[in-house]
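Okay, so here's the structure we're looking at.
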Amino acid sequence: EPEVTQTPSHQVTQMGQEVILRCVPISNHLYFYWYRQILGQKVEFLVSFYNNEISEKSEIFDDQFSVERPDGSNFTLKIRSTKLEDSAMYFCASSEGTGRSQYYGYTFGSGTRLTVV
Amino acid sequence: AQSVTQLDSHVSVSEGTPVLLRCNYSSSYSPSLFWYVQHPNKGLQLLLKYTSAATLVKGINGFEAEFKKSETSFHLTKPSAHMSDAAEYFCVVITGGATNKLIFGTGTLLAVQP
């Protein structure tokens, strides 16, 4: 069964450093997402990406965050200058399409646990 | 705007007894609803989905959920809990439209006692 692959599984970084979280979505999927889950809290939407541009972003996704699909297979989330409160599990997901009248499968990766010290 | 409310943050059951995890939704139109499970240090796994077909939805590992429009509920049940069911469960609604983002509930941590 096709999978969404995320690397690394764990990352520890110093406050103020840049981090890049990597994801390889399912190859025929067109929509890509990042979600995050701060320890003990619910999973929150960060950003969606379609046709090489952001289609929606949440309030959390400020100027410190950016996403990119650099080579047609990888989908990355960059945090420019990490803060302690960025410590969380970050999930990548992809889906074939969108639309209320038809459900398109959503597949999550297993997550990257980011710890900012 | 759509939202989901999970009524219990923790549920504890004995192995072999029924499981009930409660979820209420709010939506201005007929929603698509899901239950996801997260085992410790693992990713999010889809248990089951409701997309306006049959109101009783069967999922993996013996779980099922019933969509009740009159009660705006989508409770998750299982007749007999197994130790391996211990995990966190999320009720989720999808927004549809251009983005199709998921809105997660706060989660219910299920403990299964031997």
Side-chain angles (χ1 to χ4, degrees), chain A residues 1-7 9-10 23 29-51 53-61 67 88-113 115, chain B residues 1-10 21 23 25 27-54 57 59-60 65 67 74 87-109:
Chain A
E1 189 170 324
E3 290 185 343
V4 173
T5 305
Q6 288 187 245
T7 54
S9 55
H10 292 87
C23 170
H29 283 188
L30 302 175
Y31 294 80
F32 314 110
Y33 308 85
W34 284 100
Y35 288 78
R36 80 170 184 191
Q37 183 184 31
I38 294 172
L39 190 64
Q41 298 186 24
K42 66 178 178 179
V43 179
E44 303 171 287
F45 169 79
L46 287 179
V47 66
S48 59
F49 191 85
Y50 169 71
N51 201 25
E53 60 182 28
I54 291 173
S55 50
E56 185 175 349
K57 60 183 181 179
S58 72
E59 296 169 351
I60 304 165
F61 195 89
V67 288
M89 179 76 95
Y90 288 82
F91 292 104
C92 174
S94 67
S95 74
E96 292 178 70
T98 66
R100 194 187 309 159
S101 60
Q102 182 178 351
Y103 170 67
Y104 292 90
Y106 225 98
T107 304
F108 280 91
S110 54
T112 293
R113 182 167 297 286
T115 303
Chain B
Q2 287 109 309
S3 66
V4 286
T5 302
Q6 291 184 246
L7 301 166
D8 308 291
S9 58
H10 291 82
L21 305 183
C23 173
Y25 70 88
S27 177
S28 53
Y29 50 81
S30 184
S32 292
L33 293 159
F34 311 85
W35 279 97
Y36 278 84
V37 61
Q38 185 181 28
H39 287 93
N41 300 313
K42 300 283 187 185
L44 295 161
Q45 183 183 19
L46 180 66
L47 268 183
L48 50 80
K49 60 181 185 279
Y50 167 76
T51 55
S52 74
V57 181
I60 61 171
F67 176 76
F74 189 58
E88 184 140 33
Y89 292 79
F90 294 96
C91 182
V92 180
V93 64
I94 198 166
T95 58
T99 302
N100 242 27
K101 71 182 182 189
L102 301 181
I103 308 292
F104 283 75
T106 49
T108 298
L109 189 61

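All of these numbers come straight from a predicted model, not from anything done at the bench. Naming: A, B, ... by sequence-line order, numbering from 1 per chain.
Atom-to-atom distance recorded for B:Phe74:CZ and B:Tyr25:OH is 10.0 Å, nearest 0.5 angstrom. Annotation: the span from A:Phe32 atom CZ to A:Tyr50 atom OH amounts to 10.0 Å, rounded to 0.5 Å.
Identified under the salt bridge (charged side-chain N to carboxylate O under 4.0 Å, His left out) test for residues 33-42 of chain A, with sequence neighbours left out: A:Arg36-A:Glu44.
For chain A, no part of B:Gln6 is nearby; none of its heavy atoms comes within less than 4.5 Å. Only the side chain of A:Tyr35 comes within less than 4.5 Å of a heavy atom of chain B; its backbone N, CA, C and O stay farther away. In this structure, chain B has a heavy atom under 4.5 Å from the side chain of A:Gln37, while its backbone stays farther away.
Open room surrounds CG on A:Leu39; 12 or fewer heavy atoms of other groups in view lie less than 6.0 Å from it.
If you tally non-hydrogen atom pairs under 4.5 Å between each of A:Glu56, A:Met89, A:Gln41, A:Gln6 and chain B, the highest count goes to A:Glu56.
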